[in-house]
Student: 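Here you go, one structure.
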Amino acid sequence: LTVLMAVHSELLVNAVEGTIKRTGMNERFIGVILLPIVGNSAEHLVALMAAIRNKMSLAVGIAFASCTQIALFVVPVTVFAGWAMGIK
């Protein structure tokens, strides 16, 4: 299952240029927001499978760790990168 998610992520990364041309989305938005979400899709799937198997402690732990990672790393780095680029 993890291999399937890795292949899916790789296909998405390879399709970024076409997506940018078709949708007009900013390359930075795709790279900073969308790709990490897809990259964590295996983690989200494991949390869902744990919840289905009634292992709620594990499911909540995975979800909490993922949220904490985003809150403590991704958001501040994105803000600092925006400041460094002069984006207000």
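These values consider heavy atoms only, across backbone and side chains, with no hydrogens, waters or symmetry-generated copies.
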Student: For Val60, enumerate each residue passing the side chain to side chain contact (heavy atoms under 4.5 Å, CB included) test, keeping only those at least two apart in sequence or located in another chain.
Tutor: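 Listed in chain order: nothing, the list is empty.
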Student: Show me the pairs that pass side chain to side chain donor-acceptor pair (under 3.5 Å) and involve residues 45-66, at least two apart or across chains.
Tutor: Glu43-Ser66
Student: May I have all residue pairs that pass side chain to side chain donor-acceptor pair (under 3.5 Å) and include part of residues 23-35, sequence neighbours excluded?
Tutor: none
Student: Measure the OG1-CD1 distance between Thr19 and Ile30 for me, rounded to the nearest 0.5 Å.
Tutor: 5.5 Å
Student: Quick one: side chain to side chain contact (heavy atoms under 4.5 Å, CB included) partners of Ala59, sequence neighbours excluded?
Tutor: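 Only Ala50, Ala51 meet the side chain to side chain contact (heavy atoms under 4.5 Å, CB included) criterion with Ala59.
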Student: Name all pairs fulfilling the ring-ring contact (aromatic ring centres under 6.0 Å, His included) condition that reach into residues 18-70, sequence neighbours left out, sorted by first residue then second.
Tutor: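 Output for this query is empty, none listed.
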Student: In this structure, would Val16 and Met25 fall into the same cluster of hydrophobic residues linked by side-chain contacts under 4.5 Å?
Tutor: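 Yes, Val16 and Met25 fall within the same hydrophobic cluster.
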Student: Kindly write out the residues that satisfy ring pair (Phe, Tyr, Trp, His ring centres under 6.0 Å) with Phe73, not counting sequence neighbours, or none if the list is empty.
Tutor: none
